[in-house]
There are 2 protein chains.
Amino acid sequence: MRPDTSGAVQRPGGRRKVTTAAELEKVAFDLFDEQGFERTTVTDIAAAAGIARRTFFHYFPSKNDIPWGDFDSGLERMRAEFRALPEDLPLMDAVRHCLVEFNRVPEEQVPEHRRRMRLILGVPALQAHSTLRFESWREVVAEFAGHRLGEPSTALTPQTIAHAALGVALSAYQHWLDHPELALSDLLDTAMRELARAHADQ
Amino acid sequence: MRPDTSGAVQRPGGRRKVTTAAELEKVAFDLFDEQGFERTTVTDIAAAAGIARRTFFHYFPSKNDIPWGDFDSGLERMRAEFRALPEDLPLMDAVRHCLVEFNRVPEEQVPEHRRRMRLILGVPALQAHSTLRFESWREVVAEFAGHRLGEPSTALTPQTIAHAALGVALSAYQHWLDHPELALSDLLDTAMRELARAHADQ
DNA sequence: CACGGTATTTGCACCGGGTGCATTTTCACA
DNA sequence: TGTGAAAATGCACCCGGTGCAAATACCGTG
């Protein structure tokens, strides 16, 4: 039998990694809490983590990427979520459903999630950077919408639906950050329904 | 009678400005065409314009702001556009109408507009930066939606409508850039209608 | 015409993010 | 005890952006 290659990357020799992205993220978040994002330099983070500044960039492509965790791996989850949906569920209901499910977090991780999102959506530099990260998220939605509509995902309607879905998510998130007593899932669901309602109302 | 203070700022003495933002923009755009946005440095632009690098930053807060022209002044135009609409025009019809009108450009300015938008929506750094510039645009829409709904513009629904409207605009623009033969106005109108249709379809 | 006030330009030193490259360190395994 | 591979590191840069002080050009006035 071949050696187990699942989980961590196999290591056929070579120096051990001295830390992890998750660990660096933790160190960085603490500094961000203390002194804010912009006032924290990469040098600060590296020093606090006990690594060289240069090494930091082996773990994160940029300072702006620190708060994103394994966002990309979540995309595959969402794709699966879309696939699992019954074919006869109306398109926008399906989108709403996945919006809610994709953003469901276990209760105990809520404070952590809130902190992360407050950074991403609150700090201008990160807000700007988020556009780039959200592109692949939109693409997942567009693919699904295109599939349902029998159009390429690059067509106008799928792209529009994807953009709108992202907009809904962002406004729900912003509201959630401003109103800690409200549940994110409810806000996402409501926002999506209210948009449909606005479109329907004459 | 007081001297005319309309138009250009009055100059009660002091050194003359040596150039204008518009002129710098022109110089910069030429360089962008030649060598691309990222490969063009601020130093390049300043040199080509015959000013000091430091002076450039008296005309633009950042390199990323070059392609934006007088975008902010356009916002007031859009606000007026919203105000001029009949009160009984359904909310989303009003939004669609303003979306189309705000983005209407005289035929002769179309190539210029396309070049500008191809930069803004095509170069990652500018794409990211655009998020920050679009915030005030969204706010205009949210204010109108809030007004119509009898809610503060910060409420969930107005914000969602604003985010969605921006999404629609972005997807229409992207499509326009990819398909030069199509008219921007039509794409904006269609995108908005298709989103409504998607929401309505069961 | 010289002068004084004013706004703009400029130079300079500096900071922070990010990269390319060569070198050193640490590890597994033979 | 090597030997090869991966990771960490150091260093020299580049670029965008800022704070500050000095130089420069313009205006109106005496």
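Scope of the values below: all heavy atoms of this structure, side chains included, with no hydrogens, waters or symmetry mates. In what follows, every chain begins at residue 1, and chains take the letters A, B, ... in the order their sequences are listed.
Under the side-chain contact (heavy atoms from CB on, under 4.5 Å) criterion, A:Pro86 pairs with A:Asp88, A:Leu89, not counting sequence neighbours. Partners of A:Arg118 according to the side-chain contact (heavy atoms from CB on, under 4.5 Å) rule, which considers only residues two or more places apart in sequence or in another chain, are A:Arg114, A:Leu177. Remark: A:Arg193 pairs with A:Arg96, A:Asp189 by the side-chain contact (heavy atoms from CB on, under 4.5 Å) rule, at least two apart or across chains. In terms of the side chain to side chain donor-acceptor pair (under 3.5 Å) criterion, residue partners of A:Ser171 (sequence neighbours excluded) are, by chain and number, B:Thr160. Contacts of A:His179 classified as ring pair (Phe, Tyr, Trp, His ring centres under 6.0 Å), with partners at least two apart in sequence or in another chain: A:His175. In this structure A:Thr40 satisfies the side-chain contact (heavy atoms from CB on, under 4.5 Å) test together with A:Leu31, A:Phe32, A:Gln35, A:Asp44, A:Ile45, sequence neighbours excluded. By the ring pair (Phe, Tyr, Trp, His ring centres under 6.0 Å) test, A:Phe71 pairs with A:Trp68, sequence neighbours left out.
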Report the C-alpha distance between B:Tyr173 and B:His113 in whole Å, list the side-chain angles of each, state the deciding distance to 0.1 Å, and finish with yes or no for ring pair (Phe, Tyr, Trp, His ring centres under 6.0 Å). CA-CA 11 Å; B:Tyr173 261 103; B:His113 189 52; 5.8 Å; yes
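Using a 4.0 Å cutoff on non-hydrogen atoms, the parts of residues 58-70 of chain A near DNA chain D are A:His58, A:Tyr59, ordered by number. Within residues 47-54 of chain A, the residues having any heavy atom under 4.0 Å from DNA chain D are, by residue number, A:Ile51, A:Ala52, A:Arg54. Within residues 23-42 of chain A, no residue is approached by DNA chain D to less than 4.0 Å at the level of any non-hydrogen atom.
With salt bridges taken as basic N to acidic carboxylate O contacts below 4.0 Å, one links A:Arg148 and A:Glu87. B:Glu101 and B:Arg77 are not joined by a salt bridge, as no carboxylate oxygen comes within less than 4.0 angstrom of a charged side-chain nitrogen.
Counting to the nearest Å, the P atom of D:dA5 and the NZ atom of A:Lys17 are 18 Å from each other. Across the protein-nucleic acid pair, B:Phe57 atom CZ and C:dC14 atom P stand 19 Å apart, rounded to whole Å. In this entry the distance linking CZ of B:Phe56 with P of C:dT8 reads 17 Å, nearest Å.
For residues 19-31 of chain A, the set of pairs meeting the side chain to side chain donor-acceptor pair (under 3.5 Å) definition, not counting sequence neighbours, comprises A:Glu25-A:Arg116.
Put simply, the side chain of B:Arg133 reaches to within 4.5 Å of the side chain of B:Asp72, judged on heavy atoms. Residues A:Gln159 and A:Arg138 have side chains in contact (heavy-atom distance under 4.5 Å, counting atoms from C-beta outward).
Interface remark: the A:Arg15 side chain does form a donor-acceptor pair with the C:dT25 base, using a distance-only criterion of under 3.5 Å.
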Nucleotide pairing, DNA chain D (Watson-Crick or G-U, distances under 3.5 Å), in dot-bracket with [ ] and |: ||||||||||||||||||||||||||||||
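Taking only side-chain nitrogens and oxygens, B:Arg16 never comes nearer than 4.0 Å to OP1 or OP2 of D:dT24.
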